[in-house]
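Here the structure is a predicted model, which means the values were calculated and not measured. These numbers come from the heavy atoms of this one structure, side chains and all, not from hydrogens, waters or symmetry mates.
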Amino acid sequence: MDSEYGDLSVEQKPIKDHSHSHHHHDHGHGHGNGHVEVEYLNLPGNNFYEDLDAELNGPLYAGIQTFAHLGHVSCFDPTNFASEQFDIALVGAPFDTAVTFRSGARFGPAGIRKGSRRMSPGQVSPYREGFMLYDDWAKFVDCGDVAMHPLDNRYALNQLYRGMRAIHNHTTSTLNATHIPRAILMGGDHTTTLSALQAIYEKIGPVSVIHFDSHIDTWDPMVLGGNVSSYMQVNHGTFLHYAAERGYLNHGHNLHVGSRAPYVRKHGDIEHDKHCGFAIVNAREIDEVGIAGVVQKIKDRVGNTNVYISVDIDVLDPVYAPGTGTAEPGGYTTREFMQILDGLEGINIVGADVVEVAPAYDGPGDVTLLAAAQVIDSLASLMVMNGPLSTRQSTK
């Protein structure tokens with residue numbers, strides 16, 4: 001219908017021509033060249049539909065939420081393994097029934113996707129000149145979430161293992177030595193990492209774990225949970241014990257970084273941690289050796305091995321990441337942690353996760369969700385900068 005803005009149902013029209021009104025304001029205003037300023041509205045001509053899809057034309061806060069507005073692919077259907085090709089997959093693990101403190105990380109994958117809304121293909125890194133993460137050689141997809149049963153942990157973790165194995169069974173969009181896509185897991189409590197490690201181990205063999213966490217998570221199952229029942233043995237504080245016991249890890253090349261939580265036993269926890277093949281860079285060491293020193297300790301430890309990076313968001317101080325299940329004061333700032341991750345460029349990263357994100361405890365402005373999404377962005381950058389997945393490693 002016609003209005004002072006013209007016939008908006010047909011084509012591009014001026015909104016209002018000021019030359020036909022308010023003449024008494026013309027003197028001494030405008031551009032001084034006799035031209036009258038015209039407001040306008042650019043409509044899409046005779047096509048009434050081309051600008052309506054928020055996924056294609058909408059602002060970053062609109063549309064169905066995938067991580068960084070990436071395309072969604074059905075990754076778990078075996079009929080798609082050959083046809084759906086990708087290099088790096090994001091996948092959610094909505095699971096939190098193996099925690100010892102606050103639950104809520106089952107909503108972590110949805111929260112992280114929410115925190116990634118301002119990320120998208122087409123953006124250029126402010127730190128790596130000309131680098132466009134989602135427009136480089138690697139094809140990214142969001143696989144959605146693995147269905148994890150809320151009432152039986154053993155069944156749920158097996159579902160996740162099978163889901164991760166399905167992702168690794170896809171072919172890549174680029175020819176490389178392994179033709180195995182990398183995966184970045186969004187958790188979910190930290191127990192989910194065990195399923196991811198099992199899946200990648202079966203494809204490429206043992207990996208070295210860089211474990212960013214305020215807790216060591218190598219506790220003896222008979223100390224944490226298993227002294228009550230066998231069902232309770234596998235939890236978010238014992239999963240690295242099982243990963244070591246089952247041979248998923250390169251013994252002597254694993255490292256906890258940012259550790260600061262109290263131990264349960266005077267000496268037993270540290271001795272057991274060493275038995276599992278880990279060393280520790282505690283949170284306060286950054287004040288002594290700086291960011292570069294922390295990075296060097298990590299690189300010295302993992303060497304030229306295949307590396308899996310596992311990030312519990314509670315490695316950050318609760319000021320920067322309150323939305324987590326077991327927060328511990330004295331952690332890294334978000335900027336410190338971003339610099340540590342960026343400093344790891346060149347390691348052979350074969351997989352990663354960000355876990356223990358519990359949106360219900362987040363502060364105003366979704367600070368934890370934003371931080372978790374940015375961590376994933378940094379992990380993905382390490383993968384892209386390192387090129388297509390290679391499984392060459394030396395543990396000597």
Restricting to pairs with a member in [range], which pass side-chain hydrogen bond (donor to acceptor under 3.5 Å, both in side chains), not counting sequence neighbours?
range	answer
residues 278-292	E285-K297
residues 338-347	R128-E345
residues 320-329	H215-E328

Looking just at side-chain N and O atoms, do [X] and [Y] make a donor-acceptor pair shorter than 3.5 Å?
X	Y	answer
D273	T218	yes
H190	D213	yes
Y248	E202	no
S208	N254	no
R162	N158	yes

Kindly state whether the ring of F140 and the ring of F86 have centres lying under 6.0 angstrom apart.
-> no
With sequence neighbours excluded, residues passing ring-ring contact (aromatic ring centres under 6.0 Å, His included) with H236 | none
Mind running side chain to side chain donor-acceptor pair (under 3.5 Å) on N386 and N348 for me, showing each step along the way?
-> CA-CA 7 Å; N386 199 44; N348 192 30; 3.1 Å; yes
Inter- and intrachain pairs under salt bridge (Lys or Arg N to Asp or Glu O under 4.0 Å), touching residues 96-107, at least two apart = D96-R106
Y242 atom OH, neighbour heavy-atom count above 12 within 6.0 Å | yes
Sorted by chain and number, sequence neighbours left out, salt bridge (charged side-chain N to carboxylate O under 4.0 Å, His left out) with D220 holds for none
